[in-house]
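Sequence lines set the chain letters: A, B, ... in the order given, protein chains first and strands last, and positions in each chain run from 1.
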Amino acid sequence: MSLILYNTLTRTKEAFTPADPARVTMYVCGPTVYNYAHIGNARPAVVFDVLFRLLTARYPKVVYARNYTDVDDKINAASKAQGVPIKAITDKFTAIYRADMAALGVLPPTLEPCATDHIPQMIGMIEALLKNGHAYAAEGHVLFNVPSFAGYGQLSRRNLDEMIDGARVEVAPYKKDPADFVLWKPSTPDLPGWDSPWGRGRPGWHIECSAMIETHLGETIDIHGGGHDLIFPHHENELAQGTCAHNGATYARMWMHNGFLTMDKAKMSKSLGNIVTVHELLESTPGEALRWAILSAHYRQPLDWSDETVAQAKTTLDRAYRALEQVTAITAIPNAAPDAVIAALDDDLNTPKAMAEIAALVKALNQAATTPDKARFKGQLVAAGRLLGVLQQDPTAWFGAAKASSGVDAAEVERLIAARLAARKARDFREADRIRDTIAAMGVLIEDRADGTTWRVAE
RNA sequence: GGCCGAGUGGCAGAGUGGCCAUGCAGCGGAUUGCAAAUCCGCGUACGUCGGUUCGAUUCCGGCCUCGGCCUCCA
C-alpha cells in the first residue's frame, strides 16, 4: 500500500515518495504565540499529527518541525498594551499552546523551532538573496524582488497583473514592484530589533520559515503544510525566497493545506471574532472528543463547528470506550491496524473513512463471542485508534473524567445504587424504580450488568 | 473584478457510472422485573436545468446558492 497525498502545487493526488526514505522531512506552519489558540488553529496541528503518525509507522526516521512565530507586530502590540516584554507574552502562550495540543492528543513534533532563535540564519538567507540579485535594500528595508522569480504565482495559481488589479493595499514607495515583499524591516527603539547589515530591525513574516527549514531540514523538504489561507501570500513567498536562496533547488516537494473550520459557515478567525478557544472548550469537553470532531471531516473540506458536532463526537467515543470497557479483563492481542484503516488514511488522509472502519471494529468487538475473538478485535481497535490518536485511554479513565467534571456526588450515587440493589433483591421493584428516578434526577444513568450495576453521567 | 472550493437522507459526513458508507438521532424486534447497554432489522439522500450513456448523485455544460483567497489570518 502506498500513501497518496493531495499536492496543492499540482492540484492532484500524488503518490508520496520521500526524497530520502531514511529521513523524511515535514514542516508545518505553527502558531503566532500572542493569544489563545482557537479550535480552527488546532486543525492543522491535529491533521498533520495524523500524517506524522502515519509516516512514523512507515519510515524509520521522520523529522517533523512545527514552528512558533515569536516575533510579530501583533505580539508587539500586545506587549505594548500590557506593558511587558514580548518574551513574557510568547513564553506564556507557547506553554499554553503546548498544553492545549497535548490535550488534543497531538504528539510533540520532532522540532519546535522559534523564530527569535534563528535571526542570524534569516540574515544569512537574506544576504544570499541580495547576493544573487533576488532582493534589494531600500530605506532600511530589504525586499524580495518578485519579478526576479519567473515561477512566482505557481502555488496560488495567480499572476501578477491580476493581483495588482485586486490589490487593496497601498504600495510602499520604496518598492520596486508592487508585489515585492519585505524580508527585513527597520525597528524603532521601542520595538524589538536585532542588529543587521541594514541596521537594527526585525524579520518580515515569511523569512523565518524558510530559514528554519534550511537550518533544520535542508534545502528541499518532502512536505510543507499549513492552513489553506497560507497558500497566498505566505507559502507563495516562502516558495519564491526559498527557491531563489538555493539557486533553484526545489523548496518543498509536496504542499498540503487543510480547509477551514467554520462557525455558521463563516471562517473562524480572530479578526471576525467568531472564535472559540481550545482552552475554553477543554473546560467542558475531553480533548479526545474535540480531536474526534476535528477528524470527522476530511482535512481539505470545510468543517462547521457547533456544540452538536462535539456532542456527536463524544457520544461516538462513548460507544467505542464502552466496547473496550467490556473487555477490560481481556488482554489485547497486539496487532497492526487493519488494512482497511490504513488504506483509508493512505488515501489522502481519509479520516472519516478510517472512522467508519473503526466503527466496524467496535461492532465486531461487541459481537465477538469468544475470548480469542475479543482479544483480536481489541488489539485491532486499539491499533487503529493509535494511528488516529484516539482510544488510547483506559475506559475507566475516559468515563471517570466525565464523572469528575460533571460534579456528581459519586458517593451518594453509590449509596443509592446499593439501596436499589437491596430493593431489587426484595423484589420491591417500585422502590427500585423510585431510587433509579432519584439517581436519574442527578443526571446519572445506571446499567445493570451481569457483574453488577454501573453508572455513568447522562449526556 | 480575478482565482479557488462546496452544495448528499432529521443532523454530521465519506464515496461511487449500475450493488452497503459510517456515526448521531428516530422507529420496530431480541434481551431486561422495568430500564440502560448490546445485538438484529428499518429510511425510494445526493442544489437546479439540460447533455452524454442501456443506465448519473457520480462524467460534460448552463444556472442558482454558499464559502474562501486576492490584507493579518490555521
As a test of reading the structure: which of B/rG23, B/rG33, B/rA12 is closest to the side chain of A/Ser296, going by heavy atoms? B/rA12
Rounded distance in Å between the P positions of B/rU38 and B/rA14: 25 Å
Proximal nucleotide (of B/rC70, B/rA14, B/rG23) relative to the A/Phe232 side chain: B/rC70
So does A/Asp433 reach the base of B/rG33 with its side chain, donor to acceptor, closer than 3.5 Å? yes
Among B/rC24, B/rA74, B/rA37, which nucleotide sits nearest the side chain of A/Leu230? B/rA74
Has A/Arg424 got its NZ or CZ under 6.0 Å from the middle of the six-membered ring of A/Phe429, at an angle within 45 degrees of the ring axis? no
Under 4.0 Å between any heavy atoms, over every strand shown, what does A/Gly226 touch: base, sugar-phosphate, or nothing? Just pick one. sugar-phosphate
If I pick the C1' atom on B/rG5 and the same atom on B/rC42, what distance separates them, to the nearest angstrom? 36 Å
Of the listed B/rC69, B/rA74, B/rU22, the closest approach to the A/Arg158 side chain comes from B/rC69
Integer angstrom distance from the C1' of B/rA6 to that of B/rG47: 11 Å
If you assign each of A/Asp347 and A/Tyr34 to its closest nucleotide in RNA chain B, which residue comes earlier from the 5' end? A/Asp347
With a 4.0 Å limit, can you tell me whether A/Arg322 has a side-chain N or O closer than that to the phosphate oxygens OP1/OP2 of B/rA36? no
For RNA chain B, what is the dot-bracket line, given that a base pair needs Watson-Crick (N1 to N3, plus N6-O4 or O6-N4) or G-U wobble (N1-O2 and O6-N3) geometry with both distances under 3.5 Å, and | means paired with another strand? (((((((..(((.....[...))).(((((.......)))))....(((((..]....))))))))))))....
Residue mapping more 5' on RNA chain B - nearest nucleotide basis, A/Lys267 or A/His206: A/Lys267
Mind calculating the distance between CE (A/Met355) and P (B/rG23) to the nearest angstrom? 12 Å
Taking atom CG of A/Asp72 and atom OG1 of A/Thr32, what is their separation to the nearest 0.5 Å? 5.0 Å
Interatomic distance where NE2 belongs to A/His228 and P belongs to B/rC69 [whole Å]: 10 Å
Just checking A/Ile231: base, sugar-phosphate only, or nothing, at a heavy-atom cut-off of under 4.0 Å? nothing
A/Tyr152 and A/Asn237: side chain donor to acceptor below 3.5 Å: yes
Side chain of A/Gln301 only, heavy atoms from C-beta on: which candidate in B/rA6, B/rU38, B/rC70 is closest? B/rA6
Under 4.0 Å, counting only non-hydrogen atoms across every strand here, what does A/Asn366 touch: a base, just sugar-phosphate, or nothing? sugar-phosphate
Taking only the P atom of each, what is the distance from B/rU65 to B/rG28 in whole angstrom? 42 Å
Could you check whether A/Arg430 gets within reach of a base, just the sugar-phosphate, or nothing at all, counting any heavy atom under 4.0 Å? nothing
NA contact type, A/Asp448, heavy-atom cut-off 4.0 Å: base, sugar-phosphate, or nothing? base
Would A/Thr69 and A/Asn67 count as having a side-chain donor-acceptor pair, cut-off 3.5 Å? yes
Say we look at B/rU58 and B/rU53: how far apart would their C1' atoms be, to the nearest angstrom? 13 Å
Winner on side-chain proximity to A/Asp229, out of B/rA74, B/rA37, B/rC39, is B/rA74
Does the base of B/rC24 carry an N or O that pairs as donor and acceptor with the side chain of A/Glu308 under 3.5 Å? no
Could you tell me how far apart A/Gln367 (CD) and B/rU31 (P) are, to the nearest whole angstrom? 18 Å
A/Asn350 side, atom CG; A/Glu357 side, atom CD - distance, nearest 0.5 Å: 9.5 Å
Result of checking A/Asp437, A/Asp448, A/Asp433 against A/Arg420 for salt bridge (Lys or Arg N to Asp or Glu O under 4.0 Å): A/Asp448
Any N or O donor-acceptor pair under 3.5 Å from the base of B/rC34 to the side chain of A/Arg436? yes
Compare the minimum distances between each of B/rG67, B/rA74, B/rC39 and the side chain of A/Leu261, then state the nucleotide with the smallest one. B/rA74
Check for me whether A/Arg300 meets the cation-pi criterion with A/Tyr6, that is, NZ or CZ under 6.0 Å from the six-membered ring centre and within 45 degrees of the ring axis. yes
Ring pair (Phe, Tyr, Trp, His ring centres under 6.0 Å) for A/Phe93 and A/Tyr36? Distances and angles first, verdict last. CA-CA 7 Å; A/Phe93 286 107; A/Tyr36 288 96; 5.3 Å; yes
Let me know the distance between CG of A/Asp264 and C1' of B/rU65, rounded to the nearest Å. 17 Å
Of the options B/rG23, B/rA74, B/rU22, whose atoms approach the side-chain atoms of A/Lys363 most closely? B/rG23
Here the distance between atom P of B/rA12 and atom CG of A/Asp307, to the nearest Å, is 14 Å
Is any side-chain N or O of A/Arg300 under 3.5 Å from a base N or O of B/rG5, one able to act as donor and the other as acceptor? no
Take atom CZ of A/Phe181 and atom P of B/rC72, then tell me their distance rounded to the nearest Å. 12 Å
Touch check for A/Ile446, heavy atoms < 4.0 angstrom, all strands: base, sugar-phosphate only, or nothing? base
Is there a donor and acceptor pair, one atom on the side chain of A/Asp304 and one on the base of B/rC66, closer than 3.5 Å? no
With heavy atoms under 4.0 Å as the rule, sort A/Arg449 into base, sugar-phosphate or nothing. nothing
Answer with yes or no after comparing the ring centroid distance for A/His235 and A/His257 against a 6.0 Å cut-off, counting only values under it. yes
Is A/His257 touching bases, backbone alone, or none of the nucleic acid, heavy atoms closer than 4.0 Å? nothing
Between CG of A/Leu55 and CG of A/Asp222, what distance do you get to the nearest 0.5 Å? 8.5 Å
Which nucleotide, B/rC72, B/rA74, B/rG13, lies nearest any side-chain atom of A/Met268? B/rA74
Calculate the interatomic distance between A/Phe260 atom CZ and B/rC66 atom P; express it in whole Å. 19 Å
Expressed in whole Å, how much space separates the P atoms belonging to B/rC69 and B/rA12? 22 Å
Regarding A/Thr309, tell me which of base, sugar-phosphate or nothing describes its non-hydrogen contacts under 4.0 Å with the strands shown. nothing
Let me know the distance between CD1 of A/Ile75 and C1' of B/rC72, rounded to the nearest Å. 12 Å
If I pick the C1' atom on B/rU22 and the same atom on B/rG13, what distance separates them, to the nearest angstrom? 8 Å
Ring centres of A/His216 and A/His118 under 6.0 Å apart? yes
Is any side-chain N or O of A/Arg420 closer than 4.0 Å to OP1 or OP2 of B/rA36? no
Between B/rC46 and B/rG10, how far is it from one P atom to the other, in whole Å? 10 Å
